[in-house]
Undergrad: 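Attaching a single structure in structure tokens format; questions to follow.
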Amino acid sequence: MNLRRLIVIGIPFTWLLLFFLVPFAIVIKISLSDPAIAIPPYSPTLELSGGWAGLKAFFSQLDFENFTFLTLDPLYYTAYLSSLKIATISTLLTLGVAFPMAYGMARAPEEWRATLMMLVILPFWTSFLIRVYSWMGILGKEGFLNMILLWLGIIDEPLTILNTNTAVYIGIVYTYLPFMILPIYSTLEKLDLSLIEAAEDLGCTRTSAFWLVTVPLSVPGVVAGCFLVFIPALGEFVIPSLLGGSDTLMIGKVLWEEFFSNRDWPVASAVAVILLAILIIPIILFQRNQQKQLEGDQ
Amino acid sequence: MAQSPRPSSSPTNVFAPWNDPNAKPLIQFKNVTKRFGDFTAVDDLTIDIYEREFFALLGPSGCGKTTLMRMLAGFESPTEGSILLGGQDIVPVPPNKRPVNMMFQSYALFPHLTVWDNIAFGLRRDGLGKDAINDRVKEMLRLTRLDKFAKRKPHQISGGQRQRVALARSLAKAPKLLLLDEPLGALDKKLRNETQFELMDIQEKTGTTFVIVTHDQEEAMTVASRVAVMDHGKMVQVDTPAGIYEAPNSVYVADFIGDVNLIEGNAKVDGNTVSIHFAEGAAPITAVCERPIADGQRVSYAIRPEKISVNREPLDDRANHVKGKIEDIGYLGNVSTYHVRLPSGELVSALMTNSRRLARRDFTWEDEVWLSWTDTAGVVLTE
Ligand SMILES: Nc1ncnc2c1ncn2[C@@H]1O[C@H](COP(=O)(O)OP(=O)(O)OP(=O)(O)O)[C@@H](O)[C@H]1O
Ligand SMILES: [Mg+2]
């Protein structure tokens, strides 16, 4: 019995240890090292042949220089702030688009719902990269959007959308929409319609019943969806680098440049460690929300 | 079981507006039909319900009781016919504009609000002042004895308490018409009896008209001024509890309400006395019948078990006597049901109070006994 419990608990723990904690420890270690022109491009590297003295020497060479450096160069904290801003705004935009869609799905006739759900998930079956590329084709100066708007006579000159923050917002909203729709849909679908009737019976109009009953009861889904969009959007790299312009500053892009353009692994690691530290707060809040929702269901 | 329709009303001033041709009904259903697709849930129904009535809907599951209530509350509109409230057609009026509140079969309490806020919900929509709301909610909490649970959420209280919250919430706005869809189903017997009397008390005090759906006949008998027995979207009989019980108009109603012995036979009419020949060689049953019956018609004779007396010897003052053998005795504490097999094969149940201790009971299994009853004890039914 005890052995079985040990195995059941042990497997996920071993998994976490091997594929999350160990790599993360390595990243922390690199963030505390100094850059070097070598392979790998940092020092010191761990040499077990040096014995106890070697180990001591290794630890004495680690320091917080890279973190101090991040606070000195305004590039980094403006990138963090700008990422937070872009992630927040795009989360709210996604919510604005997703809620009506989820609501529509939940109120659609029963036999339609599976099909609608399918349509929401379907884009995931093609490569994310291809889908972002196709947005370049849509949003560009000679893209579909401008062509249609020009043809309809709504605009005289093509709009500049590609390579601006607007394009980044469009890209994020588009990409993460399903993550917002699905949790909201699942709370709305569970919602007992007799609650709406009870609200109307007690004097609510359709609209006030929506705000007083439907919206508060969909909060757990909304919160879950917001986190599911916000967390990955904060570290997003592909969308800002393909759709964003030179003034789009996001920490994911900075990280990439540090790693691959500057080959400054220690600074890049420090950037990643701080990004994770920032994300830990919303992740914990997200877990709390899920927990509360589970308790509420019982 | 049968009681006077209004316990509080004096015999000289019986509450019976349905017998008064000048009384104005509060609710009028006029040839109302409700179809879902090609399924008819309510079938060409016409009924008047009067102010201050406690109107009970009784019927098997799926006979259209909830549908009827939902049409009154405004959640469904009739496919045909019209519904009038105080003389006005309410079909086009949305639910939030009707002076009607409903207690839902599923309670439909708002899970995100406390008991207090649930009860205050309707009052807030009316834009009442804070103090007025507080007073009213407190009153409702006291009435339903929920004072201790005001701060809790619906998932933190028991099923019976939830039911009381739903009741308090629907009562809070003091509606003209209150619809109760199986309001007391989840309560234990004692609490249910108490709540029934509370409901009657509330009704007496507020003058609200109640329409109540129930599966519990005893409940309908206790609380209602009139009972409607429904079947397949039609009202088979609408009458006072005593009327329904003592003078059912059909085999369906007689069988649905309470226990009944049904004996089929051919009628032989002599004035208003009917002799029912139910078996070869057996003495016919004599019954007084007000309804016209054709000579030789096939009829059902319905008689309640408690109207039949079980004795060693036939009782001379009764019009009907049959001899039989006790096949089974159901002991229920205060009463016992005797299942007696007649020589002609019928099984008749008779109910006797247990005025003696069990050990000193007069009869036991296999005993030969005489069943006696008067000629007015049963009813002759043709439907
Ligand atoms: N929205 C609907 N669509 C289709 N059929 C319905 C709908 N609502 C009710 N019905 C049908 O109408 C009939 C009457 O339903 P109703 O809910 O009025 O029954 P009820 O008398 O309240 O039964 P119960 O005692 O089980 O609550 C049922 O057969 C039900 O299946
Ligand atoms: Mg029902």
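Quick note on labels: first sequence line is chain A, next is B, and so on, each numbered from 1.
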Undergrad: For chain A, which of R124(B), K97(B), R169(B) has the most heavy-atom pairs under 4.5 Å?
TA: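 Option with the greatest count: R169(B).
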
Undergrad: Just to be sure I understand the criterion: a residue of residues 102-111 of chain B counts if one of its heavy atoms is under 4.5 Å from a heavy atom of chain A. Which ones qualify?
TA: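 The residues closer than 4.5 Å to chain A, in numerical order, are M102(B), F104(B), S106(B), A108(B), L109(B), F110(B), P111(B).
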
Undergrad: Based on non-hydrogen pairs under 4.5 Å, which of L217(A), D192(A), V219(A) is most in contact with chain B?
TA: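 Ranked by heavy-atom pairs under 4.5 Å with chain B, first place is L217(A).
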
Undergrad: Do any of residues 61-81 of chain B come closer than 4.5 Å to chain A, heavy atom to heavy atom, and if so which ones, in number order?
TA: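 R70(B), A73(B), F75(B) fall under the 4.5 Å cut-off.
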
Undergrad: So which of P94(B), G122(B), P175(B) has the largest heavy-atom pair count under 4.5 angstrom toward chain A?
TA: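 The answer is G122(B).
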
Undergrad: Can you confirm whether H232(B) is buried at NE2, in the sense that more than 12 heavy atoms of other residues, nucleotides or ligands lie under 6.0 Å from that atom?
TA: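 No - once you tally the heavy atoms of other residues, nucleotides and ligands closer than 6.0 Å, there are 12 at most.
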
Undergrad: Give a yes or no on whether R288(A) atom CZ has more than 12 heavy-atom contacts from other residues, nucleotides or ligands under 6.0 Å away.
TA: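 At most 12 heavy atoms, drawn from other residues, nucleotides or ligands, come within 6.0 Å of this atom.
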
Undergrad: For chain B, which residues from residues 201-210 of chain A have at least one heavy atom closer than 4.5 Å to it?
TA: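 Within residues 201-210 of chain A, the residues under 4.5 Å from chain B are D201(A), L202(A), G203(A), C204(A), T205(A).
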
Undergrad: Does E111(A) have more than 12 heavy atoms from other residues, nucleotides or ligands lying within 6.0 Å of its CD?
TA: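 Yes.
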
Undergrad: Give, as side chain, backbone, both or neither, the part of L212(A) having an atom under 4.5 angstrom from any heavy atom of chain B.
TA: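 When you check distances to chain B, atoms from both the backbone and side chain of L212(A) fall under 4.5 Å.
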
Undergrad: Among residues two or more places apart or on two chains, list those pairs meeting ring-ring contact (aromatic ring centres under 6.0 Å, His included) that have a residue in residues 177-197 of chain A.
TA: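 For residues 177-197 of chain A, and leaving out neighbouring residues, the ring-ring contact (aromatic ring centres under 6.0 Å, His included) pairs sorted by first residue read F124(A)-F179(A), Y176(A)-F179(A).
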
Undergrad: More than 12 heavy atoms of other residues, nucleotides or ligands under 6.0 Å from CZ of F13(A): is that the case?
TA: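 It does not: F13(A) CZ has 12 such atoms or fewer within range.
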
Undergrad: Measure D126(B) against the heavy atoms of chain A and call it side chain, backbone, both or neither at under 4.5 Å.
TA: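 Neither the backbone nor the side chain of D126(B) comes within 4.5 Å of chain A.
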
